[in-house]
Amino acid sequence: MSTPSEDHQSLHAARLKYRRCLLEYFNGDQQICSDEAYDAVISELAGLQSRRPEWRVWESAATRVVAPAMEAAPTRRHESPMLSLANAYSLDELREWERGLLRLVPGENLAYVAELKVDGLAVAIHYEGGVLASAVTRGDGTAGEVVTPNAKTIRGLPHVLPQTIDLEVRGEVYYSLEAFGRLNAARERMGEPPFKTPRNAAAGTLRMMDASVVGARGLSVVIYAVAAGSPKPTHWETLAWLRSLNLPVGEHSERLESLAEVERFQARWESGRKTLPFQIDGVVVKVDNLELQERMGSTAKSPRWAVALKFAAQRVASRLLEVKPGVGRTGILTPVAILEAVELGGTTVSRATLHNYDQIERLGLMTGDRVFVEKGGEIIPKIVDVDRDARSGGERAIEPPQGCPSCGNPPVRLEGEVDLRCINPECPAQREDRIRHFVSRPAMDIETIGPALIGQLIDKGLVRSVADLYRLGTSQLESLERMGSKSAANVLGAIDASRAQPLHRLLHALGIRHVGERTARILARHFASLAALRRASPEEMEDIKEIGSVIAQSVHAFFQDPGQVAIIDSLRNLGIDPISVEAQSAKSQPAKSQFAKSQSMEAQPVEAQDGQPQPPQGNLQGKLQGKTVVITGTLSEPRSRWKARIEEAGGILTGSVSKKTDYLLAGAAAGSKLAAAQRLNIPIVEEAEMRRLLEGQFMEGQIMPGQILEGQ
Ligand code: IVH
């Protein structure tokens with residue numbers, strides 16, 4: 001065991017090594033610090049810092065790998081809107097764009113900067129005094145999600161600039177094809193559906209709640225602009241300046257004197273894109289002179305001085321060898337086209353999706369056909385056309401399967417659906433996929449149960465539903481192949497540990513249609529327990545801003561399904577009935593740990609929806625301890641602010657009024673929840689009263705049902 005002072009010396013040395021590596025990484029032509037050395041320094045730092053949490057400070061590389069998990073990303077308003085780009089799909093459209101510009105600035109000589117259009121996700125990155133202070137996604141262009149801890153894990157994005165300046169830069173976060181391939185391979189191993197495109201993957205990763213996972217995934221970023229007020233007169237010089245600040249600026253950008261040169265740039269990259277280690281979907285052309293940019297201005301959506309010249313989708317011919325149905329946890333039979341292997345956009349393609357059997361009919365597809373395969377924005381190619389002239393007569397019609405490929409039961413087409421579905425609740429493939437989903441990392445995270453073990457558990461009849469996992473015992477596990485007593489104990493330990501997972505993970509794990517990670521979090525936050533969600537009507541769910549009718553109906557239908565209810569009841573009887581993280585923290589109200597204190601430099605202030613940081617609310621601790629509060633109607637302050645206050649006072653927010661509700665905070669135009677509270681004699685408070693309640697001026701019980709209400 002090392003002493004604190006030895007640890008401190010090691011930390012100091014590791015930090016120095018890290019800084020040297022970073023400088024070499026960004027500045028050196030010859031890289032002295034190898035990737036391995038860099039990784040070794042980071043893990044050394046991470047190791048030291050895991051022993052001494054108070055050392056997890058911003059300047060350290062280890063925040064890239066061990067930044068704390070965020071529970072929900074706060075949003076923040078952009079100081080200047082994050083605009084999008086107008087598209088041009090042909091050189092004619094590009095020339096038309098230039099003619100339009102010359103009408104705005106007649107007689108000017110236009111020079112351009114052409115850049116690659118990386119297919120990722122736009123972010124704004126703020127440096128304060130030269131230190132990376134925050135990162136915000138584009139969101140709707142006006143406000144985005146604060147993703148600072150995750151952005152800090154992006155290798156190549158400096159945490160410290162060589163100048164102590166305040167600067168907001170904008171760029172694109174993306175996955176290299178290699179990192180994307182690695183990520184999807186890992187997902188498939190875990191039984192999770194692969195991401196369709198690097199762009200989807202980047203968006204999903206950046207908005208993930210756990211920065212340590214993000215760090216392991218290997219995102220990249222390219223910076224392409226200063227948000228406002230470049231100190232340089234041209235975009236080209238701005239890029240050079242950003243590069244001098246060690247920011248990762250695109251290497252392939254060029255300053256071009258005319259549109260003819262731009263056209264050559266685009267042609268070169270249209271064919272050269274396959275040599276790139278990342279995916280691009282076009283080139284971006286920008287007027288170089290910033291004063292001219294200013295004169296040209298922007299529309300509400302995009303600047304006039306820039307345009308995205310998109311590439312045509314890539315297409316090749318191949319042969320359809322066979323169509324195989326696949327079946328997942330929802331029972332949908334998806335036809336997969338098995339193709340003669342062909343090169344397309346830098347990868348070898350031997351499979352394509354066909355979405356459903358209607359599409360086969362629409363295309364008039366036959367086995368043995370010469371087909372055209374296209375790769376657009378999606379990484380998974382699709383069959384877009386059939387070469388009927390190339391038919392030899394030996395082609396065979398493709399029939400929809402008569403039986404599920406797993407259980408043989410005849411599939412059905414449910415009313416209003418195009419998909420064929422296996423509705424056999426006993427279908428092994430569905431069962432297997434449901435369990436695979438349940439144990440997957442973003443769900444219950446029972447890592448030790450891999451696909452092979454799931455297969456064995458099902459084949460041996462030990463597990464039929466997810467609830468059976470919690471009934472497994474040592475002797476049953478030890479009876480399986482390749483399962484010693486140590487592995488069995490590990491598996492049981494991991495299953496047991498998953499009992500502590502919060503509500504949103506269980507909700508996601510249950511595999512409710514349309515309920516992914518994000519929706520599960522929203523539902524958990526509002527309803528706090530499975531029982532409350534189960535009781536909620538679709539209307540109550542739709543009261544939540546982010547929940548639309550499709551989700552609400554699907555969740556409601558799930559809880560009406562006797563099979564699902566039986567599983568949920570079994571889970572509850574086995575002790576798996578979690579509450580939301582919000583309710584957990586309101587319940588426990590822990591004193592700030594040393595770790596939390598050391599994170600305060602790093603922590604984002606809680607942001608209200610209007611983008612203003614939350615002012616401290618004074619000591620609200622305990623004023624609503626354990627009380628269940630529902631909010632309804634239009635309030636004079638953002639709901640998020642009320643929620644933060646109530647939670648700070650120990651209150652538990654739920655989304656629906658029930659006998660267990662202690663208070664209904666009602667604003668103007670309150671509807672069904674107000675009526676429910678009146679019916680159930682629940683105390684109804686308006687904002688001013690809630691303020692007083694929080695300040696402790698009211699004693700419990702003094703507020704009478706139906707007291708003064710705004711908007712009545
Ligand atoms: S400039 C105000 N440059 O493409 C100008 N955008 O389809 C803002 N993108 O929202 C964008 N590479 O997310 C610019 N070199 C590049 C880009 C780029 C990719 C993205 C960006 C933008 C989207 C528009």
Side-chain angles (χ1 to χ4, degrees), residues 78-89 93-94 97 101 112-125 135-145 147 151 154 156-157 168-176 197-203 205-207 219-230 234-236 238-240 242-243 247-256 262 265-266 268-270 273 276-290 292-311 313 376-377:
H78 298 299
E79 266 169 45
S80 57
M82 283 186 80
L83 299 177
S84 189
L85 290 172
N87 289 324
Y89 291 94
E93 284 181 27
L94 186 69
W97 169 70
L101 291 183
Y112 301 100
V113 173
E115 297 166 7
L116 301 185
K117 186 169 184 306
V118 182
D119 200 11
L121 188 81
V123 281
I125 296 162
V136 186
T137 63
R138 177 173 183 275
D140 63 1
T142 312
E145 278 176 87
V147 290
I154 299 174
L157 182 68
E168 181 187 339
V169 292
R170 292 187 175 170
E172 196 84 351
V173 172
Y174 66 96
Y175 266 113
S176 69
T197 65
R199 187 194 144 75
N200 290 349
T205 304
L206 199 61
R207 293 172 55 244
L219 282 172
S220 301
V221 69
V222 58
I223 301 297
Y224 49 64
V226 171
S230 169
T234 63
H235 181 58
W236 186 241
T238 306
L239 291 179
L242 291 173
R243 202 172 282 123
L247 287 160
V249 174
E251 295 166 31
H252 305 287
S253 310
E254 287 180 34
R255 186 176 186 279
L256 303 170
V262 172
F265 180 90
Q266 113 96 21
R268 193 149 26 87
W269 283 111
E270 178 139 32
R273 63 200 283 201
L276 290 168
F278 47 84
Q279 193 168 327
I280 59 171
D281 60 345
V283 299
V284 181
V285 189
K286 299 174 180 173
V287 170
D288 189 29
N289 185 320
L290 298 189
L292 288 180
Q293 283 191 3
E294 184 93 353
R295 278 170 57 196
M296 292 165 183
S298 302
T299 68
K301 280 205 196 125
S302 49
R304 294 198 182 86
W305 44 262
V307 71
L309 181 57
K310 297 291 247 321
F311 296 140

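Just follow the structure's listing: the first ligand is 1, and inside any ligand the first atom is 1.
In this structure, S84 counts as a contact residue of ligand 1, since one of its heavy atoms falls inside 4.0 Å of the ligand. Heavy atoms of M82 come nearer than 4.0 angstrom to ligand 1 in no pair at all. Heavy-atom distances between P303 and ligand 1 reach below 4.0 Å in at least one pair. The shortest heavy-atom distance from L116 to ligand 1 is under 4.0 Å.
Scanning all protein heavy atoms for the shortest distance to atom 22 (C) of ligand 1 gives Y224 OH, 4.2 Å. Among all protein heavy atoms, the one lying closest to atom 9 (N) of ligand 1 is E172 OE1, 3.6 Å. Shortest contact from atom 19 (C) of ligand 1 to any protein heavy atom: V118 O, 3.3 Å.
Here the shortest heavy-atom distance to atom 4 (O) of ligand 1, taken over K117, K310, H235, belongs to K117. Taking all heavy atoms of V283, L83, V113, V307 into account, the minimum distance to atom 10 (O) of ligand 1 is reached by L83. Distances from atom 3 (N) of ligand 1 to the heavy atoms of K301, K286, Q293 put K286 nearest.
Looking at heavy atoms from C-beta onward, W269 lies in side-chain contact with L276 at the 4.5 angstrom threshold. Under the 4.5 Å side-chain criterion, counting only non-hydrogen atoms from C-beta, S80 is in contact with R170. Using a 4.5 Å cut-off on side-chain heavy atoms (C-beta onward), P248 and I223 make contact. The closest side-chain heavy-atom distance from V285 to W97 is below 4.5 Å. Side-chain contact check for L219 versus Y174: every heavy-atom pair is 4.5 Å or farther apart. Contact annotation: the side chain of E115 approaches that of H235 to within less than 4.5 Å [non-hydrogen atoms, C-beta and beyond]. With contacts defined as side-chain heavy-atom distances shorter than 4.5 Å, the pair S84/R138 qualifies. Counting only heavy atoms from C-beta outward, the side chains of F278 and D119 never approach each other to under 4.5 Å.
At least one N or O atom of E115 sits closer than 3.5 Å to an N or O atom of ligand 1. Residue W305 has no nitrogen or oxygen atom sitting less than 3.5 Å from a nitrogen or oxygen atom of ligand 1, judged on distance alone.
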Review point. Can you check side chain to side chain contact (heavy atoms under 4.5 Å, CB included) on F311 and Q266, steps first, answer last?
Key: CA-CA 8 Å; F311 296 140; Q266 113 96 21; 3.7 Å; yes
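Counting heavy atoms under 4.0 Å from ligand 1, residue L85 touches it through both backbone and side chain.
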